[in-house]
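Below is one structure, written out as structure tokens, with a few remarks after it.
Quick caveat: nothing in here was measured; it's all calculated off a predicted structure. Per chain, numbering begins at 1; letters A, B, ... match sequence-line order.
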Protein chains: 2
Amino acid sequence: MTKPVDPLDIDFRALQVLIWVHQFRSFTRAAEELGVNQSAVSYTINKLREVFQDPLFVRQSRRLHVTQRCEDIVQQAKRLTVEFRQLTAPPEFDPKTAAQKFVIACNFYERVLIIPDIVKTLTREAPNLELEIIDASGIGHERLMRNEADLLIGPFERSDPQFYRRDLYRDRYVCLLDPAHPMADEPLSLEDYLGLDHVLVTYGGQWRSRYLIELERLGRELKVVLRVPSPAGLEQLVRGSNLVATVPERLSKAVSAGLRTIACPVETSVTIGLVWTAVNHRSPVHMWVRDMIYRLNSRTRTLEDAQAG
Amino acid sequence: MTKPVDPLDIDFRALQVLIWVHQFRSFTRAAEELGVNQSAVSYTINKLREVFQDPLFVRQSRRLHVTQRCEDIVQQAKRLTVEFRQLTAPPEFDPKTAAQKFVIACNFYERVLIIPDIVKTLTREAPNLELEIIDASGIGHERLMRNEADLLIGPFERSDPQFYRRDLYRDRYVCLLDPAHPMADEPLSLEDYLGLDHVLVTYGGQWRSRYLIELERLGRELKVVLRVPSPAGLEQLVRGSNLVATVPERLSKAVSAGLRTIACPVETSVTIGLVWTAVNHRSPVHMWVRDMIYRLNSRTRTLEDAQAG
DNA sequence: TAGTTGCGATCTAATTTTTTGATTTTACTG
DNA sequence: CAGTAAAATCAAAAAATTAGATCGCAACTA
């Protein structure tokens with residue numbers, strides 16, 4: 001007739017009903033409190049009676065008596081519901097106490113221009129967060145997918161629905177030359193630019209800089225004299241030579257001591273952004289770090305946008 | 001469109017689903033394990049996603065990745081389900097450690113004949129159980145209903161569906177006389193009996209002994225010379241007098257030192273039993289005590305039954 | 001001692017939730 | 001680029017829950 005009730009069928013609402021009935025010693029009052037029919041309360045209590053194998057409440061001369069077992073159960077039920085509620089509540093996140101490892105994948109550019117500020121902020125605001133930087137070197141997205149990294153920072157343009165992305169700012173290209181270079185004092189025309197001897201930063205992997213893509217689109221090609229994997233040490237290569245290097249403007253400031261910087265005649269820019277996946281999308285730590293990095297770069301962003309606009 | 005899911009709607013089955021999916025990293029495997037459709041698992045996880053405001057599981061390159069939040073939730077969910085399971089399990093009862101108050105309502109008869117053995121057993125087997133005896137004096141059932149007493153012991157005959165009852169044994173009536181009494185050496189006929197001078201034990205309250213009810217049924221009446229509220233002190237009243245007292249046989253042994261005991265010619269007996277209510281019906285302590293009392297009186301019971309049969 | 005009342009139990013029908021089975025979508029993989 | 005494994009989604013079916021009405025019982029009322 002009545003099939004046995006599996007304990008697992010009990011939901012927290014049923015425990016809530018139990019608690020209210022216990023509180024009021026009345027099915028009817030509990031029903032009012034919960035905004036349901038008395039019959040529903042009766043139904044629920046019956047289910048609980050089966051599950052706990054105990055009458056829980058017994059009517060005796062007008063009063064509703066509570067069995068000892070019921071007292072015990074209610075006490076535990078209160079605890080369980082409170083704990084469950086806490087579990088469903090959006091987790092409080094306090095950067096001060098958050099202690100976990102956070103892995104950022106990026107390359108030289110970001111290590112030089114973005115990471116230092118991040119580290120400073122973390123030291124101050126989230127001293128227990130352990131930061132690890134790993135190389136993105138062309139396979140940043142893969143490393144994200146493999147959960148080797150929590151966050152990717154860089155000039156990544158893949159628009160893939162499985163990646164979340166937030167742009168930080170755009171960076172235009174500039175040319176670095178030796179101050180004694182014949183072309184060092186004039187604005188460069190595209191033709192001038194193409195006529196020069198270039199040192200090309202490959203950034204390793206299969207990355208192709210935006211300005212190269214743009215040149216290809218125009219059907220033009222650079223005269224590359226030297227290829228280097230990273231902008232690190234560019235200054236020493238360019239100084240005293242007739243080479244020209246094309247690098248993002250912000251990066252140039254870090255590697256151009258003693259060099260002349262002039263605008264690059266190829267009309268393009270690179271966009272630096274954050275990339276992550278659904279795994280971390282709603283993690284409070286992750287959201288906090290993302291916001292923090294975004295805020296750190298807001299000055300740069302508005303500057304760039306002003307220039308671009 | 002989709003109405004918000006209330007956290008309270010989550011049942012322990014849903015948490016179980018979460019735990020299995022987490023375990024297998026697969027909706028399909030979890031569904032198999034739980035004997036349901038993959039679609040049902042999907043449905044449940046979606047509900048949990050809403051409640052926890054977190055994707056929990058994310059498909060990435062064939063693997064199912066687990067969010068940090070999900071890890072936390074699963075850990076708690078495991079604890080909660082285990083605790084709930086323990087709560088639903090029938091409570092272990094160990095008389096050795098059971099520490100609570102147990103109130104028995106009864107009268108002189110039971111205090112003399114039944115309680116002493118109970119006390120001895122409790123001291124030995126349930127040393128932490130605190131026993132209190134209160135007077136039943138006619139309102140034993142009321143005291144049960146008011147939860148003033150946990151258990152009533154006595155010759156109570158009310159058959160009321162709200163009371164549970166278990167008979168211990170039957171006790172026949174005997175007559176006590178002074179050894180020098182003229183009738184002390186013969187079996188008493190009913191007419192002899194009715195002709196004697198009686199001392200009547202009223203037991204207070206509105207209790208009427210079975211043998212009086214039986215006499216009334218026969219349309220006969222006792223010649224009552226003296227009424228006393230309790231059998232206590234009966235010995236002193238009967239000795240050296242021409243009075244006869246009618247008492248349950250077992251009780252007589254406690255109050256008849258130096259008196260002659262002979263069978264009572266009224267064909268009747270009193271049944272001593274335990275009475276309790278639904279409030280305590282399933283309480284492990286209560287069940288244990290009831291069983292214990294029943295066992296203590298098993299010898300008496302079989303003796304009586306043998307005599308009766 | 002009947003009439004009334006309060007309150008949980010119970011019944012039926014309505015509603016909502018959950019499950020199923022089939023199909024689609026997604027994100028690789030070869 | 002087709003093939004595949006697995007989750008998402010959809011419509012229909014099944015099951016659980018709720019509401020509304022009524023019952024039963026004990027307790028008060030007069």
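The shortest distance between the side-chain N/O atoms of B:S42 and the OP1/OP2 oxygens of D:dA8 is below 4.0 Å. A:S26 has no side-chain polar atom (N or O) that falls below the 4.0 Å cut-off from OP1 or OP2 of C:dC7. Residue B:K47 has no polar side-chain atom (N or O) positioned under 4.0 Å from OP1 or OP2 of C:dT17. Taking only side-chain nitrogens and oxygens, B:R49 comes nearer than 4.0 Å to OP1 or OP2 of D:dA8. The side chain of A:S39 contributes no N or O atom lying less than 4.0 Å from OP1 or OP2 of D:dA21. Taking only side-chain nitrogens and oxygens, A:Y43 never comes nearer than 4.0 Å to OP1 or OP2 of D:dT18.
When the salt bridge (charged side-chain N to carboxylate O under 4.0 Å, His left out) test is applied to A:E214, the partners found at least two apart in sequence or on another chain are A:R217.
By the 4.0 Å N-to-carboxylate-O rule, B:R29 lies too far from B:E33 to be salt-bridged with it.
Nucleic acid contact for B:A40: base, since at least one base atom lies under 4.0 Å from a heavy atom of the residue.
Annotation: A:H65 is not in aromatic contact with A:F57 [ring centroid separation under 6.0 Å not met].
In this structure, A:E142 places its CD atom 16 Å from P of C:dA27, rounding to the nearest Å. Taking atom CD1 of A:I10 as the reference point, atom C1' of D:dT17 lies 13 Å away to the nearest angstrom. What separates CZ of A:F24 from P of C:dG8 is a distance of 12 Å, to the nearest Å.
Within 3.5 Å, no donor on the side chain of B:R59 pairs with an acceptor on the base of C:dA27, nor the reverse.
The backbone N or O of B:N107 lies less than 3.5 Å from a partner atom in the side chain of B:E110, making a donor-acceptor pair.
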